[in-house]
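All values derive from a computational prediction rather than experimental measurement. Chain naming here is simple, since letters A, B, ... match the order of the sequence lines and numbering starts at 1 in each. The figures that follow rest on heavy atoms only: side chains count, while hydrogens, waters and symmetry mates do not.
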2 protein chains.
Amino acid sequence: MQNNIFKALAHPDRRKVLSLLRSGPKLAGDLAAEFDSSWPTMSRHLSVLREADLISAERQGTQILYRINTSVVEDTAGAVLAFIGVSQNDNDDYEEAAE
Amino acid sequence: MQNNIFKALAHPDRRKVLSLLRSGPKLAGDLAAEFDSSWPTMSRHLSVLREADLISAERQGTQILYRINTSVVEDTAGAVLAFIGVSQNDNDDYEEAAE
DNA sequence: TCGCTAATTAGCAAAAATGCTAAATAAAAG
DNA sequence: CTTTTATTTAGCATTTTTGCTAATTAGCGA
């Protein structure tokens, strides 16, 4: 749902998580280490991002690897541009309806 | 401030305001008429958008005309794309493609 | 199994956002 | 100056978000 995406982007720490994931997937612990907030607080930020589908999680043994969902971020940027009438379909990505 | 922008985008009615302004500036009253919320509630939504600089207001006699701030919306889309490493060229004054 | 590490969930309090009604302000008209 | 219309501000209650500590789950290895 688009509302969850914009709500997820409304917190600076969550936007910082996305920025940190730009260079590649990271373990939850490594992510949390970059913030002043407590571990559980960061865990909840991650779950908000996950529910918005902006990131996805993959368990690797005892750790959890997070990665950014590029296509969702792209679509979100498109939704922002749509506010000023820029067409949302002018990227060169393939369009895949079924998952 | 970028935080105000993303916070402003976090409410569906405020995003709807931006969509309504896509086709051109609108009077506060005409905007409010499109929503179920009370007039004062819509007025506050407009002020949140104004403080985020996503829209600007111009008094026209007894009414107030709102317009969307195209460049701020563009920059915001750029900030979203930056999460996945797409370079944002802020404030490019020449547009070769549109000619 | 036990112990250890990684991460999440539970529960609570504080802060922020939301939305209402009533009151106030601003500009124009009479 | 008073009224009327358009819009904002004030004040308050309700809901949502945030962030903490404590407890819990999950996997791994001895």
Side-chain angles (χ1 to χ4, degrees), chain A residues 1-21 24-69 76 80 83, chain B residues 1-21 24-69 72 76 80:
Chain A
M1 182 207 271
Q2 188 165 282
N3 195 39
N4 286 344
I5 294 178
F6 284 108
K7 276 181 160 182
L9 292 177
H11 196 289
D13 283 356
R14 291 195 293 258
R15 294 197 300 277
K16 184 178 172 186
V17 166
L18 295 180
S19 291
L20 290 170
L21 291 178
K26 287 193 169 47
L27 297 171
D30 292 346
L31 282 171
E34 303 273 354
F35 294 85
D36 293 332
S37 294
S38 72
W39 238 100
T41 292
M42 289 317 301
S43 184
R44 181 154 55 182
H45 281 319
L46 290 173
S47 92
V48 169
L49 287 167
R50 194 160 11 92
E51 274 168 40
D53 205 30
L54 282 163
I55 63 176
S56 32
E58 180 190 347
R59 185 172 275 281
Q60 305 234 314
T62 166
Q63 319 188 85
I64 295 187
L65 190 70
Y66 281 97
R67 75 181 71 243
I68 196 165
N69 285 344
T76 303
V80 171
F83 291 136
Chain B
M1 182 208 260
Q2 197 170 49
N3 195 40
N4 285 343
I5 293 179
F6 284 107
K7 277 182 164 181
L9 292 176
H11 195 289
D13 282 357
R14 292 195 291 261
R15 294 197 299 277
K16 185 178 171 185
V17 166
L18 295 180
S19 291
L20 290 170
L21 291 178
K26 287 194 170 46
L27 297 170
D30 293 345
L31 282 172
E34 303 273 355
F35 295 85
D36 293 332
S37 295
S38 72
W39 240 100
T41 291
M42 289 316 301
S43 184
R44 181 156 53 181
H45 281 319
L46 291 173
S47 92
V48 169
L49 288 167
R50 193 161 10 91
E51 273 167 41
D53 205 30
L54 283 163
I55 62 176
S56 31
E58 180 191 348
R59 185 171 274 281
Q60 305 230 314
T62 166
Q63 319 189 84
I64 296 186
L65 191 70
Y66 281 96
R67 77 181 71 244
I68 196 166
N69 285 345
V72 176
T76 303
V80 172

When every non-hydrogen atom of A/S37 is compared with those of A/D13, the smallest separation belongs to OG-OD2, 3.8 Å
Where B/R14 and B/K7 come nearest, the two heavy atoms and their spacing
NH2-O, 3.1 Å
Specify the residues of residues 58-65 of chain A, ordered by number, for which at least one heavy atom lies under 4.0 angstrom from an atom of DNA chain D.
A/R59, A/G61
Atom-to-atom span, CG of B/D13 to C1' of C/dC20 - whole angstrom
14 Å
Is the phosphate of C/dT18 approached by B/T41 (side-chain N or O, under 4.0 Å from OP1 or OP2)?
no
Rounding to an integer number of Å, can you tell me how far A/F6 CZ sits from C/dA17 C1'?
18 Å
Which one, D/dT8, C/dA16, C/dA10, comes nearest to the side chain of B/W39?
D/dT8
For B/A57 and for A/H11, locate the closest nucleotide of DNA chain D by heavy-atom distance; then report the residue assigned to the nucleotide nearer the 5' terminus.
B/A57
With a cut-off of less than 4.0 Å, is there a side-chain N or O of A/Y66 near OP1 or OP2 of C/dA6?
no
Within the structure shown, what part of the strands sits under 4.0 Å from A/S38 by heavy-atom distance: base, sugar-phosphate, or nothing?
base
Are any non-hydrogen side-chain atoms of B/T76 and B/F6 less than 4.5 angstrom apart?
yes
CG-CG distance between A/L31 and A/L20, expressed to the nearest 0.5 angstrom:
6.0 Å
Euclidean distance, atom CE of residue B/M42 to atom C1' of C/dA17 [Å, nearest integer]:
15 Å
A/L9 atom CG is separated from D/dT17 atom P, nearest whole Å, by 14 Å
Identify the residue among B/L54, B/N4, B/V48 that makes a side chain to side chain contact (heavy atoms under 4.5 Å, CB included) with B/L9.
B/L54
Taking only heavy atoms on the protein side, list every residue of residues 24-36 of chain A lying under 4.0 Å from any atom of DNA chain D, sorted numerically.
none
Atom NE2 of A/H45 and atom P of D/dT17 are separated, to the nearest Å, by 12 Å
Could you state the atom-to-atom distance from CD of A/E51 to P of D/dT16 in whole Å?
15 Å
Does anything in residues 48-58 of chain A pair up under side-chain hydrogen bond (donor to acceptor under 3.5 Å, both in side chains), and if so which pairs, sequence neighbours excluded?
A/R50-A/Y66, A/D53-A/N69, A/S56-A/N69, A/E58-A/Q60, A/E58-A/R67
Find the distance A/L49:CG to C/dA7:P and express it as a whole number of Å.
16 Å
Counting only N and O atoms by type, is there a donor-acceptor contact under 3.5 Å from the side chain of B/K16 to the main-chain atoms of B/E34?
yes
